[in-house]
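Heads up: the structure comes next, in structure tokens.
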Amino acid sequence: MLKKLISLLLCSLLLIGGITGVALAEPDSQASPSAQASASPTPLPEFQKLSQGSITAPCAILIDTASGKVLFSKNADTKCYPASITKIMTCILALKNGDLAEEIKVSNIVNSIEAGSSTCGLRPGETLTLEQLLYGLMLNSGNDAAAVIAEHFGGSIEGFADMMNAYAAEIGMTNSHFVNPHGLHDENHYTTPADMAKLARVGMSIPKFREIVSTRISELPTNEVVSDERILVNGNKLIDPNSPYYYEYAIGVKTGYTTKANHTLVASASKDGVEVIAVVMNDEKEGKWKGMKTMFDYAFKYYGALDLQELYAQSPLSFVPENADTSDDSEGRVQLKLVPDESTSTVIVDTKQNIAQLQNDPTALVLEPENDLATIKAPITEGQQITRYTYFKGDDPVSVGTLVAENAVNEEQTALPSLPDLTQEDGKPSYLTYALIALAVILLIILILRIRKARRFRRKNRRKRVVVYRRKKR
């Protein structure tokens, strides 16, 4: 018992002296590259390099879909009548406010549509889903479908026009004003190529919108009111392989025409990671197709794309959390997945020369986590959001999102904290320090008392043995 007490006392004194227990594994994180930006990339090609003679439209624009950057512009802020490209707005609002499967009954509003204008053959009393109406709206350019949709969501043409103008203001269409959902002529119904490019960019961010505007042929079902077959054909010749204006990289969007607006067209195309949107307004019948193809060819000749997701995958971040269990297959290391926000893009579109420079300069594009990975502690669960991040090109943020754990890491169960961590608080002795000292003093007192008691016991036994011995001797 005495030996055990001595051992316990020595351990206590050694602990107080600063000998530590098993220490935590030191955090090991792969830090993001240096935030030092490279020199500014070379300027974009001058807009004048695009042959003005091949763009017959007096007003046009070409933008990068990912960033909205303008690649070519010709009187892009001039107000023009949009005609049926108005229906891009109608489709977007219906998708944002409705359910594709909801059934909508066609009212007598279809009888008010201007005679001779484009329709998809709707009849009062029939019921169609919103999805079917949207195909009729965008493929056949159905003014009747536009009116039905407007009445359903806005209560009236005027009510829906209010919705259109409110949304236009929300997304920064500063030179636009809408009075109807279809684009039939009105002096107060106007927009600009720049504003329509902004709107189309929103539309192309909606998967269902993309699906609809890239569809060549569809149909409306027969019902108790309409027994005739109604085939819907997309008027965009850029996506029709049988058209002389077919463009293999085109993916939508919408045509328009009235005698006052002349020909209008919003179109999109994608090649080798570069996606662009182009708008022509007040154009000639054939000129709009040629102008679109010219702008698309220009974009794909001079511009390239760099996908930050692919770049990140070449050297993904990982880290070992504090107090991680390093005995598993991952050795306590958490692999991080890049999850960009829906509102951001991971694609950088720039001149091919500048893209090559970005690819060859590891400091030009920098991913910066908001939080220091070395301060994050175990346990970590799979799919856990670890921290927000920003991708920078030089000093400019180009993409934001979240770093998410791809694997789980448990907390180390056997690891003991080091004594300095336990016994120091801001460099001063903690309560634990005083407790250990008190314990050591108590043990020391107990030890001294036990030693004294043992000595008294031995002296007493010796006296007894001497008395017994003397008695036996007599």
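All values below come from the heavy atoms of this structure, side chains included, with hydrogens, waters and symmetry mates left out.
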* Of all residues at least two apart in sequence or in a different chain, which pass the side chain to side chain contact (heavy atoms under 4.5 Å, CB included) check with T390? -> F392, P397, V400

* Asked: Partners of N75 by side chain to side chain contact (heavy atoms under 4.5 Å, CB included), sequence neighbours excluded?
  -> C59, T78

* More than 12 foreign heavy atoms under 6.0 Å from CD of E331: is that the case here? -> no

* side chain to side chain contact (heavy atoms under 4.5 Å, CB included) with D240: which residues, sequence neighbours excluded? -> R216, N242, S243

* Only pairs at least two apart or in different chains count here, so list each salt bridge (charged side-chain N to carboxylate O under 4.0 Å, His left out) that has a residue in residues 173-184. => none

* Does the side chain of L232 reach to within under 4.5 Å of the side chain of L220, using non-hydrogen atoms? -> yes

* Asked: Checking N371 side chain against L373 main chain: does a donor-acceptor pair fall under 3.5 Å?
  -> no

* To do: Answer yes or no: is there a donor N or O on one side and an acceptor on the other, between the side chain of R388 and the main chain of E370, under 3.5 Å?
  => no

* To do: Mind running side chain to side chain donor-acceptor pair (under 3.5 Å) on H263 and K288 for me, showing each step along the way?
  => CA-CA 7 Å; H263 289 271; K288 65 178 180 292; 3.2 Å; yes

* Asked: Got a sec, which residues hit salt bridge (Lys or Arg N to Asp or Glu O under 4.0 Å) with E211, two or more places apart in sequence or on another chain?
  -> K208

* Could you tell me whether the side chain of E102 and the main chain of D99 form a donor-acceptor pair under 3.5 Å? => yes

* Pairing residues for H152 by the ring pair (Phe, Tyr, Trp, His ring centres under 6.0 Å) criterion, not counting sequence neighbours -> none

* **Pairs meeting criterion ring-ring contact (aromatic ring centres under 6.0 Å, His included) with involvement of residues 80-111, two or more places apart** => Y81-H185

* Just wondering, are more than 12 heavy atoms of other shown residues or ligands nearer than 6.0 Å to NZ in K290? -> no

* Scan for salt bridge (charged side-chain N to carboxylate O under 4.0 Å, His left out) pairs involving residues 104-127, sequence neighbours excluded, and state none if there are none. => E126-R230

* Under 3.5 Å: donor-acceptor pair, side chain of R333, backbone of V409 -> no

* Pairwise side chain to side chain donor-acceptor pair (under 3.5 Å) hits with a residue in residues 87-97, at least two apart -> S84-K87, K87-S141, K87-N143

* Would you say the side-chain atoms of N410 pair up with the backbone N or O of P379, donor to acceptor, closer than 3.5 Å? -> no

List, one per line, each side-chain donor-acceptor pair under 3.5 Å for residues 167-179, sequence neighbours excluded.
{"unit_1": "S176", "atom_1": "OG", "unit_2": "T191", "atom_2": "OG1", "d": "2.6"}
{"unit_1": "S176", "atom_1": "OG", "unit_2": "D195", "atom_2": "OD2", "d": "2.7"}
{"unit_1": "H177", "atom_1": "ND1", "unit_2": "N188", "atom_2": "O", "d": "2.7"}

* Asked: H189 and T86: side chain to side chain donor-acceptor pair (under 3.5 Å), yes or no, with the steps?
  -> CA-CA 9 Å; H189 188 91; T86 298; 2.9 Å; yes

* List the steps and the verdict of side-chain contact (heavy atoms from CB on, under 4.5 Å) for Y190 and T192. => CA-CA 7 Å; Y190 55 82; T192 67; over 6 Å; no

* Asked: When you look at L134 and F209, which way does the side-chain contact (heavy atoms from CB on, under 4.5 Å) test go after all the steps?
  -> CA-CA 9 Å; L134 290 177; F209 182 93; over 6 Å; no

* Return yes if some donor-acceptor pair links the side-chain N/O of S67 with the main-chain N/O of K69 below 3.5 Å, else return no. => yes

* Structure fact -> The residue among D361, N360, N354 that forms side chain to side chain contact (heavy atoms under 4.5 Å, CB included) with Q357 is N354

* Between Y247 and F296, does the ring centre distance come in under 6.0 Å? -> yes

* To do: Applying side chain to side chain donor-acceptor pair (under 3.5 Å), run through S343 and D341 and close with a yes or a no.
  => CA-CA 5 Å; S343 59; D341 291 349; 4.8 Å; no

* Does the side chain to side chain donor-acceptor pair (under 3.5 Å) test come out yes or no for E151 and S156, once each step is laid out? -> CA-CA 4 Å; E151 185 180 54; S156 65; over 6 Å; no

What pairs of donor and acceptor atoms, side-chain ones from residues 271-279 against any protein atom, are under 3.5 angstrom apart with sequence neighbours left out?
{"unit_1": "E275", "atom_1": "OE1", "unit_2": "R210", "atom_2": "NH2", "d": "2.8"}
{"unit_1": "E275", "atom_1": "OE2", "unit_2": "R210", "atom_2": "NH2", "d": "2.5"}

* Asked: Are any side-chain N or O atoms of N282 and backbone N or O atoms of C80, one a donor and one an acceptor, separated by less than 3.5 Å?
  -> no

* Asked: Any donor-acceptor pair under 3.5 Å linking the side chain of N407 with the backbone of Q335?
  -> yes

* To do: Return yes if some donor-acceptor pair links the side-chain N/O of T402 with the main-chain N/O of V404 below 3.5 Å, else return no.
  => no

* Asked: Within the side chain of T255, is there an N or O that forms a donor-acceptor pair under 3.5 Å with the backbone of L265?
  -> no

* Identify, with sequence neighbours excluded, every residue that meets side chain to side chain contact (heavy atoms under 4.5 Å, CB included) alongside Y389. => L338, P340, L367, Y391, S399, L403

